[in-house]
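Notes follow the structure.
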Amino acid sequence: MNRAAMTASQKDFENAMNQVKLLKKDPGNEVKLKLYALYKQATEGPCNMPKPGVFDLINKAKWDAWNTLGSLPKETARQNYVDLVSSLSSSLESSSQVEPGTDRKSTGYETLMVTSEDGITKITLNRPAKKNAINVEMYHEIMRALKAASKDDSSITVLTGNGDYYSSGNDLTNFTDIPPGGVEEKAKNSAILLREFVGCFIDFPKPLIAVVNGPAVGISVTILGLFDAVYASDRATFHTPFSHLGQSPEGCSSYTFLKIMGPAKATEMLVFGKKLTAGEACAQGLVTAVFPDSTFQKEVWTRLKAFAKLPPNAMRISKEVIRNREKEKLHAVNAEECSVLQERWLSDECMNAVVNFLSRKSKL
Ligand SMILES: CCCCC/C=C/C(=O)SCCNC(=O)CCNC(=O)[C@H](O)C(C)(C)COP(=O)(O)OP(=O)(O)OC[C@H]1O[C@@H](n2cnc3c(N)ncnc32)[C@H](O)[C@@H]1OP(=O)(O)O
């Protein structure tokens, strides 16, 4: 009897492991850690591995989850794993039944909303609960959306944010997903991703407009120098706290900001991390126009719809004439900024700043 139950449980365990691979929705980090811990306990018994170092955030979280299970018997861990997967499968299935074919699914983007209407392709950063922080998936999706927009039949392209923030910049948890090659490989991959991401903005062929609906931080600010117009709500702020984060400027801002506002003002922002109000950013040339938050959407979209009626080829060619002679320079600046950052990401200053944010010791 006992033996039959154990055999059945082992089979269920294997089925459950397969079911996890087939889950359509990500169950979230907390659940994934529980699954990991139960799997390790069920297959290897109690955790007797040395505790990973403080910077090895992912392995430390895994170790903590496993270690918490103490001396839980292997069979119980196996059963708990099976129960957790079964509850997970039914809850994820039922939630997808409640919202069949939502907008996000139909557009094929997880972190963005992309619409095309009235000659305008609108790309909306859509992680409002995380202040539209740009995670790795969002970097890839923005590049995909820009490539699609460059070829669609819209005249202009707009980037904006959903919720109270435009974007809080790079998602600092991007730094916690360390590949087998360690932090050096992570820094190298991030530099490659960043270079490709910024390159898409440098090369974007149509008028590109930022509708800055709220505060903007880090890379969401620096790339504004590559936009053709920037409209801001008077609630928006512009903040590039690179020194606070042990990092250095990107998005070609080491070149564009100097041209836009001059070296003294650019240094205040990029080196000393001075946060600008929308009015200040407009006075310094980073922002095209500022509108009261209460009428922001109405005024901006009226203006954009009028722009989108202009002859698209003329706009595209005018942008080419204005921007093309700078392109080579911008790509060179982008490459240099990424290689400097690759080193910075490995510095104690940067690692401490990320750990402080993740352990909620510091906010901007
Ligand atoms: C691979 C390419 C790299 C490119 C290099 C790019 C560099 C940069 O962009 S540097 C700038 C990085 N950004 C930051 O340092 C901002 C960090 N965030 C904050 O300081 C604050 O969250 C805030 C001031 C933006 C907002 O504060 P508050 O209004 O108090 O809201 P919360 O802190 O409670 O945020 C809500 C929720 O969102 C999460 N979150 C916000 N920003 C980020 C972020 N940048 N990365 C990761 N997560 C972020 C925050 O953790 C909260 O999450 P929960 O605790 O789960 O609710």
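Counting convention: from 1, in listed order, for ligands and their atoms alike. Basis for what follows: all heavy atoms, side chains included, without hydrogens, waters or symmetry-related copies.
- The heavy-atom pair separating P249 from S253 by the smallest distance is CB-OG, 3.5 Å.
- Taking 4.0 Å as the cut-off, G251 does not count as a neighbour of ligand 1 on heavy-atom distance.
- Residue L245 holds the heavy atom nearest to atom 10 (S) of ligand 1 of all those in I223, L245, V221.
- Classified by interplanar angle (parallel below 30°, tilted 30° to 60°, perpendicular above 60°), the ring pair Y81/Y39 is tilted.
- Below 3.5 Å of separation, one finds no N or O of P241 facing any N or O of ligand 1.
- Put simply, the side chain of L330 reaches to within 4.5 Å of the side chain of T256, judged on heavy atoms.
- Residues F307 and P207 form no side-chain contact, since every pair of their non-hydrogen atoms from C-beta on lies 4.5 Å or further apart.
- Ring centroid separation for the pair F204 and F227 does not come in under the 6.0 Å cut-off.
- Looking at heavy atoms from C-beta onward, S248 lies out of side-chain contact with F242 at the 4.5 angstrom threshold.
- No part of F175 comes within 4.0 Å of ligand 1, judged by heavy-atom distances.
- Polar contact check, N170 against ligand 1: a nitrogen or oxygen pair lies under 3.5 Å apart.
- In this structure, V221 and H239 have side chains that are not in contact, with every pair of non-hydrogen atoms separated by 4.5 Å or more.
- Contacts between I134 and ligand 1, counted as non-hydrogen atom pairs separated by less than 4.0 Å, are absent for every part of the residue.
- For ligand 1, the atoms closer than 4.0 angstrom to any heavy atom of Y139 are 2 (C), 3 (C), 4 (C).
- At a heavy-atom cutoff of 4.0 Å, ligand 1 is contacted by both the backbone and the side chain of S168.
- Note on D164 versus K131: salt bridge recorded, some NZ/NE/NH1/NH2 to OD/OE distance being below 4.0 Å.
- Residue G169 has no nitrogen or oxygen atom sitting less than 3.5 Å from a nitrogen or oxygen atom of ligand 1, judged on distance alone.
- Residue contacts with ligand 1 do not include F197, since none of its heavy atoms lies under 4.0 Å from the ligand.
- Numbered from 1 in the order shown, with element, the atoms of ligand 1 that lie under 4.0 Å from a heavy atom of A133 read 43 (C), 44 (C), 45 (N), 46 (N).
- Residue L194 has at least one heavy-atom neighbour below 4.0 Å for each of these atoms of ligand 1: 4 (C).
- Nearest heavy atom pair, residue L146 against residue C200, reads CD1-CB, 4.1 Å.
- Close approach of ligand 1 to A129 (heavy-atom distance below 4.0 Å) involves ligand atoms 36 (C), 37 (C), 38 (O).
- The residue from Q247, R127, K130 that puts a heavy atom closest to atom 56 (O) of ligand 1 is K130.
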